[in-house]
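In what follows, a structure is listed as structure tokens, so that the remarks can point back to it.
Every chain is numbered from 1, with letters handed out A, B, ... down the list of sequences.
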Number of protein chains: 2
Amino acid sequence: MEIRHADRIADALEELVFTGQFNDGDRLDEIRLAKQFGVSRTPIREALQRLVASGIAEQIPRRGVFVRQPGPVELMEMFETMAEIEAVCGRLAARRISDEALRELEEANALCREAVTAHDTDAYYRENERFHHTIYAQSGNSYLAGQALRLHRRLKPFRRLQLRLRGRLAQSMAEHEEIVDALKAGDDQRAASALRDHVGIQGEKFRHLITELRTAAQ
Amino acid sequence: MEIRHADRIADALEELVFTGQFNDGDRLDEIRLAKQFGVSRTPIREALQRLVASGIAEQIPRRGVFVRQPGPVELMEMFETMAEIEAVCGRLAARRISDEALRELEEANALCREAVTAHDTDAYYRENERFHHTIYAQSGNSYLAGQALRLHRRLKPFRRLQLRLRGRLAQSMAEHEEIVDALKAGDDQRAASALRDHVGIQGEKFRHLITELRTAAQ
DNA sequence: AATCACATTATTGTATACAAAAAAGTTGAC
DNA sequence: GTCAACTTTTTTGTATACAATAATGTGATT
């Protein structure tokens, strides 16, 4: 046996929820999933526990586990929280960042720019992630960085949506450069607000998308 | 059966770890715990999964679950993160707080003061918690408030230590009043830095305690 | 005595069995 | 036809059984 079934299944289920294979409120049927994954209920239950712990699903005692997709309100709250946490990371990083990390940010930005012109969205996502993860790490606080990573990962599927908006990629690039400038200058206030705005705008754009979809559906 | 064994056991184990019944690196033996709690391994394993998910323990595949007490470095990082998150809550609350909540903060502070003079530490802890939880809630962002609560709860056993320091309670009270003043004035910057300092000092005091204990032990 | 190979034991991870509770279905009165 | 009480089925939660891997012990060899 390669690795633990429970871990593999938890990752798979997480992916299924994130890619929208399940709707909000869907019950995660243990027996059905057990058959589907070709295992017994035991590893399925362990996987479900993990989903519940990470907030992807909710458990109602003696009723089952139900997927819990964040609604528009909670998503906006999560984006606002992400913006504030990134701002904190930036504020701390402005005073603690290493020259090497600054070079890495510039490199990631350069590759991002290339990806934009080449319309290579995968590369863009990859370098964009590297950019943000570097800032988290350079906060000099690995606990904080861990929390930032967690939320960043949670919001990933939703961030991808708004990045599809026309002109958003170019705007995002400009914001990245402002962030690097502030970090270079060691200006913690400016770094914080640049990052807060950068992520905050993502939330805003996302809200627009939501309301558009909602009105279109009616 | 009242409630789920797994949940009850998870709470109990959490409490045991927090109160220092287990040392860092101790293996949480499934069979021993099963006997101890008078249940089978199944609910024990579910409880252990919850501890792992909340970062209280670590799982090494096919080796077992080991308690993972944060070391001095990680604790300082957690205090710093708490300080920053509280600052964020304060910044947002300064613009969003209701009159009723302001009154609640003042009431909690008044009761805190009474508790200090009466040397009623339990009452102090209770009202102190109410003070902070109110600020989290008044950030107007329930996701953020939830994250703040989580970390606050995680740090609880360590915060209690530093509050025992001479003069700390009175100082803490003064800080609380400064925070309320800033919130009343709607001054988000001042509220943020007052809260950041208030919690940051706790981390500092805690660090002193640690180093003192360390030198005393040598 | 130290070390390596091998056998034994212990422990984790998974499967299955069972108990208790909830959901679904059925019957009967109105 | 509707509703309520009861029965059946389904599903969760827990116990136990089994399989696979890691830890431990034993003995031969140097």
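In terms of phosphate contacts, A:R63 brings a side-chain nitrogen or oxygen within less than 4.0 Å of OP1 or OP2 of C:dA23. A:Q59 has a side-chain polar atom (N or O) that falls below the 4.0 Å cut-off from OP1 or OP2 of D:dG13. An OP1 or OP2 oxygen of C:dG13 is reached within less than 4.0 angstrom by a side-chain nitrogen or oxygen of A:R4.
Within residues 40-55 of chain A, the residues approached by DNA chain C to less than 4.0 Å at the level of any non-hydrogen atom are A:S40, A:R41, A:T42, A:P43, in residue-number order. Only at 4.0 angstrom or more do the heavy atoms of residues 21-36 of chain B sit from any atom of DNA chain D, so none qualifies.
Between A:P61 and A:A6, the residue anchored nearer the 5' end of DNA chain C, judged by the nucleotide with its closest heavy atom, is A:A6.
B:Q202 pairs in a side chain to side chain contact (heavy atoms under 4.5 Å, CB included) with only one of the listed residues (B:K205, B:E204, B:H198), which is B:H198.
In this structure, CD1 on A:I201 lies 12.5 Å from CZ on A:R196, to the nearest 0.5 angstrom. B:K35 contributes atom NZ, which lies 12.5 Å from atom CD1 of B:I44 (distance to the nearest 0.5 angstrom). Note that the CG atom of A:D29 and the CG atom of A:L48 stand 9.5 Å from one another [nearest 0.5 Å].
A:R159 places a side-chain N or O within 3.5 Å of a backbone atom of A:H152 that can act as its donor or acceptor partner.
Between the CZ atom of A:F37 and the P atom of C:dT14 there is a distance of 13 Å, given to the nearest Å. In this structure, B:R8 places its CZ atom 13 Å from C1' of D:dG13, rounding to the nearest Å. A straight line from CZ of B:R62 to C1' of C:dT12 spans 7 Å, rounded to a whole angstrom.
Between A:H176 and A:F131, the gap from one ring centroid to the other is short of 6.0 Å.
For CZ of A:R153, the number of neighbouring non-hydrogen atoms (other residues, nucleotides, ligands) closer than 6.0 Å is 12 at most. For B:R168, the CZ atom counts as densely surrounded, since its 6.0 Å shell holds more than 12 non-hydrogen atoms of other residues, nucleotides or ligands.
In this structure, the nucleotide among C:dA15, D:dT21, C:dT14 sitting nearest to the side chain of A:V39 is C:dA15.
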Salt bridge (charged side-chain N to carboxylate O under 4.0 Å, His left out) evaluation trace for B:R130 with B:E127: CA-CA 5 Å; B:R130 184 152 76 103; B:E127 296 303 322; 3.1 Å; yes

